[in-house]
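Please read the structure below before turning to the comments.
Chain letters run A, B, ... following the sequence lines, proteins first and then strands; every chain starts at 1. When reading the values below, keep in mind they use all heavy atoms of this one structure, side chains included, and skip hydrogens, waters and symmetry mates. These numbers were taken from a predicted model, which means no experiment stands behind them.
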Amino acid sequence: MTESLLTGSAQVNGVEIAYVDRGEGDPVVLLHGFPDSHYLWRHQIDPLVEAGFRVIVPDLRGFGASSKPQEVEAYDMRTIVNDVVALTLHLGIQRAHIVGHDWGAAIAWMYAFLMPRRVDHLAVLSVGHPGVFSTPSIEQRAASWYMLFYQFPGVSEQLLRRNGWRLFKEIMGNEGDYQRYPRELAKPGALTAALNWYRANRSPEAELRVERNFPPVLAPTLGIWSSGDKALLEEGMTGSVKFVKGPWRYERVEDASHWIPLDQPEQVTKLLLGFLGTERAATTPSRRRRL
Amino acid sequence: MRTEHADVAIVGGGIAGASAAAYLATHGVSVVLLEKQDRYTDIVRGEWIAPWGMREAQLLGVEDAFGLGGAWEIREWTQWDETTDDPETAETVDMTRFVPGVGGPLSFPHHLVCELMAEQAADNGARVVMGARKATVGDGPVVRYQTDAGDHELRAGMIIGATGRGCTVGRQIGVTMATSVHHWGGGVRVEGLDDWPMDVQAMGTEGEKMFMVFPQGDGMARLYINFPTANKHRYRGEGGTERFIADFELDSLPDRGKSVYAAARPIGPLKVWPSVAMFPERPIVTDGVVLVGDEAGNADTVLGTGLSCSLRDTRTVCEILLGDDWSPSAFEPYLAERKFRMERLHFGAGIIAKLHCEFGPEAVARRRRVRELMAENFAAQVTGLLNMVPPEDVPEFGFSEFFAERLFRERV
Ligand SMILES: Cc1cc2nc3c(=O)[nH]c(=O)nc-3n(C[C@H](O)[C@H](O)[C@H](O)COP(=O)(O)OP(=O)(O)OC[C@H]3O[C@@H](n4cnc5c(N)ncnc54)[C@H](O)[C@@H]3O)c2cc1C
């Protein structure tokens, strides 16, 4: 019943990661967010393959057909970045274009900080650089996942499932793959795993722990934000320019909810095709030895 | 002819049969479920389940099949009726607090929920046979049936008959039904109700129609109309669905029902049926066969408790099947509980049908009187409780002739 385009699965970084690996050419890694899976990118995979890319699309840990550890600590951002690194290595890839949406964009940013030489071009959808102060106030936020987790840090699996998943459906509205999500999340351990992404990374305490020492992003970077996003502000994306030393491009997409790859599939494909592989990175600062 | 074996064979994979298969399989019983359809489609069955029915679903461990099959919790019930002067002042009941741990009733696409229950059964080891035709039950007990692959013979310790109001298994074991039809009804699933409040279900009577709107979330809803038997062909033939939807243009509804009649687009077939009550004339348990769900007899669908009853049947019967004694006497508690339950439901359905599914000036005057009585004395609304809580929890006085007499008495 679950739609899947997966072509393989590998044991990496202590978990089983399922993925799509199709096409030949420069590798591009597509990272989904919450509560999606590789299937979020279904409209982009074929055109990218046809355009001459090798397209790698994992189910990130906790989602889809990949392992779903039940402990919160297993969802630390660095651990997830390591999953992606280990997977690309496993597939014999040294350097790739990294594209991410939602949590996948957060992972992509982190990847660019930690592994600058493994990133060719970087494309981030919806979620801007973590250094930008762009958290909308509670009042500005419509019902969304973000609101849920800021306002109800104690949200429980049981609360979301009650009364025919009423609260879940209410929050999700009719955006993204809203009809598929509950079915996916009802699989054993899936809801806990998905919520653990937030529990590990967006607890209110984590919010207060402002990290300011992000290394500049050298890769050419494309930021995409949609005007129909109910949870995230445009400034979050446009403000990212301050943190990007490589060439920066910003695109605003109209008539799309938060789920840009689903709502404007052709436009997203076009933006990616027009961007990936077209720019040069800023030069890496020479590594001086400390005396 | 292939011979197969199972502890329990279930004939009919509707809400009763599929939930039984899911429950038994989860508890380690070997089960074969025979469903006549090749795949689940909308055959227009109930799509509104009472809170007490959802409690049964929880006890059976099949509640997720509802939520994931597209169920939507409805929170409020507004009675918009021609006897209410202004739609804005219609009375609303909060339905979320009747059964602890459950919430309001759910409205859902029936066939998708059955499909998920069958899938749950299969995931837990049951064998689900779709496209099982010509099921015949014999002594042994044994079920013979056909599929595209040929003839099959299935030997089981017990057979559950769950073929619905067609009573296929029941007829084969000699259970005849007395029936009565009070009115006719029709239903269709629609989408596009973007301006209808998804928290609110509507019920009411106007002219020769008793109408119901049960939202299913995301602008979808199940619409029903009950109407007099004398007029049973009103939606027959060309344009029937359009006429049906157009009939939701009603003075009783806010904005004359515009958010329904002008917006609804059908997403399933329109089916019209006699609203029949069935009373079994012989015991519904024999040596080797037990009937559940509509196949065991049902109350008039106007009450909206058929699904809840089916799940209660399933739970009671399956709990017995988890024990060692499968003799007819082991099922006596089921027979006793069901008899008590159905007496109450038939009685309640009689009151509701008389109140809301009779038409014309006399019936309108009756509804007006009863409304006044209910406003004066809250206890007169007791019958409405049958939609929320299990029949045994409804106060006894609601089932007395004295109460009915008092409710419908013409005052001078
Ligand atoms: C229009 C309508 C509206 C209703 N509204 C409500 C409501 O709002 N709320 C409520 O609670 N109840 C309602 N009901 C009643 C409710 O739908 C039934 O009580 C309930 O569906 C009974 O479930 P069941 O499994 O016993 O039978 P069914 O739902 O009839 O299922 C029987 C299954 O067995 C299969 N089958 C039939 N014959 C055979 C055979 N020979 N071999 C193999 N398989 C077979 C059928 O294909 C079907 O899948 C309504 C009923 C109708 C008709």
Side-chain angles (χ1 to χ4, degrees), chain A residues 1-4 34-37 39 63-65 68 70 142-145 148 152 155-195 228 230 255-259 262-263, chain B residues 26 39-40 47-51 53-55 57-58 61-75 95-109 112-113 115-120 122-124 128 191-194 197-199 214-220 267:
Chain A
M1 168 160 303
T2 311
E3 294 96 338
S4 161
F34 181 94
D36 287 286
S37 67
Y39 202 61
F63 292 110
K68 299 174 183 60
Q70 297 295 292
S144 78
W145 283 108
L148 179 69
F152 306 108
V155 69
S156 67
E157 285 80 346
Q158 198 230 343
L159 197 63
L160 288 173
R161 302 178 86 116
R162 257 165 70 172
N163 307 336
W165 292 67
R166 167 81 196 220
L167 178 59
F168 180 92
K169 289 172 182 174
E170 216 163 46
I171 294 164
M172 214 62 223
N174 55 1
E175 293 188 347
D177 276 330
Y178 65 102
Q179 283 167 326
R180 288 182 52 240
Y181 297 144
R183 289 199 190 191
E184 289 290 311
L185 294 174
K187 292 182 180 157
L191 187 56
T192 297
L195 295 184
K230 291 182 189 149
D255 298 322
S257 74
H258 174 70
W259 278 268
L262 294 176
D263 292 355
Chain B
T26 310
R39 58 186 186 84
Y40 283 102
E47 304 212 325
W48 182 98
I49 184 162
M54 276 315 290
R55 179 78 192 123
Q58 288 176 349
V62 296
E63 75 273 25
D64 258 1
F66 286 86
L68 307 182
W72 178 253
E73 184 201 11
I74 311 179
R75 294 181 167 165
M95 299 187 288
T96 64
R97 282 157 211 278
F98 285 96
V99 180
V102 174
L106 300 185
S107 176
F108 60 94
L112 296 182
V113 169
E115 182 179 309
L116 283 183
M117 281 184 191
E119 203 173 281
Q120 185 182 339
D123 287 347
N124 284 288
V128 176
E191 62 178 7
L193 303 200
D194 298 327
M198 286 287 127
D199 274 344
F214 295 127
Q216 298 192 343
D218 197 21
M220 294 181 291
I267 45 174

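Ion pairing between B:D123 and A:K187 fails under the 4.0 Å rule for side-chain N and carboxylate O. A salt bridge links B:R75 with A:E170; the closest basic N to acidic carboxylate O contact falls under 4.0 Å.
Put simply, CD on A:Q179 and CG on B:L112 are 9.5 Å apart, with the number rounded to the nearest 0.5 Å. With rounding to the nearest 0.5 angstrom, the CE atom of B:M54 is 12.5 Å from the CZ atom of A:R162.
For the options B:P105, B:A71, B:G101, heavy-atom pairs under 4.5 Å to chain A are most numerous at B:A71.
Shown here are the side-chain contact (heavy atoms from CB on, under 4.5 Å) partners of A:Y178, two or more places apart in sequence or in another chain: A:M172, A:N174, B:D218. For A:A186, the side-chain contact (heavy atoms from CB on, under 4.5 Å) criterion is met by A:R161, A:W165, B:D64, B:L68, not counting sequence neighbours.
Atom CD of A:Q70 sits in a crowded spot, with more than 12 heavy atoms from other residues, nucleotides or ligands closer than 6.0 Å.
At least one donor-acceptor pair closer than 3.5 Å links the side chain of A:K169 to the backbone N or O of B:G67.
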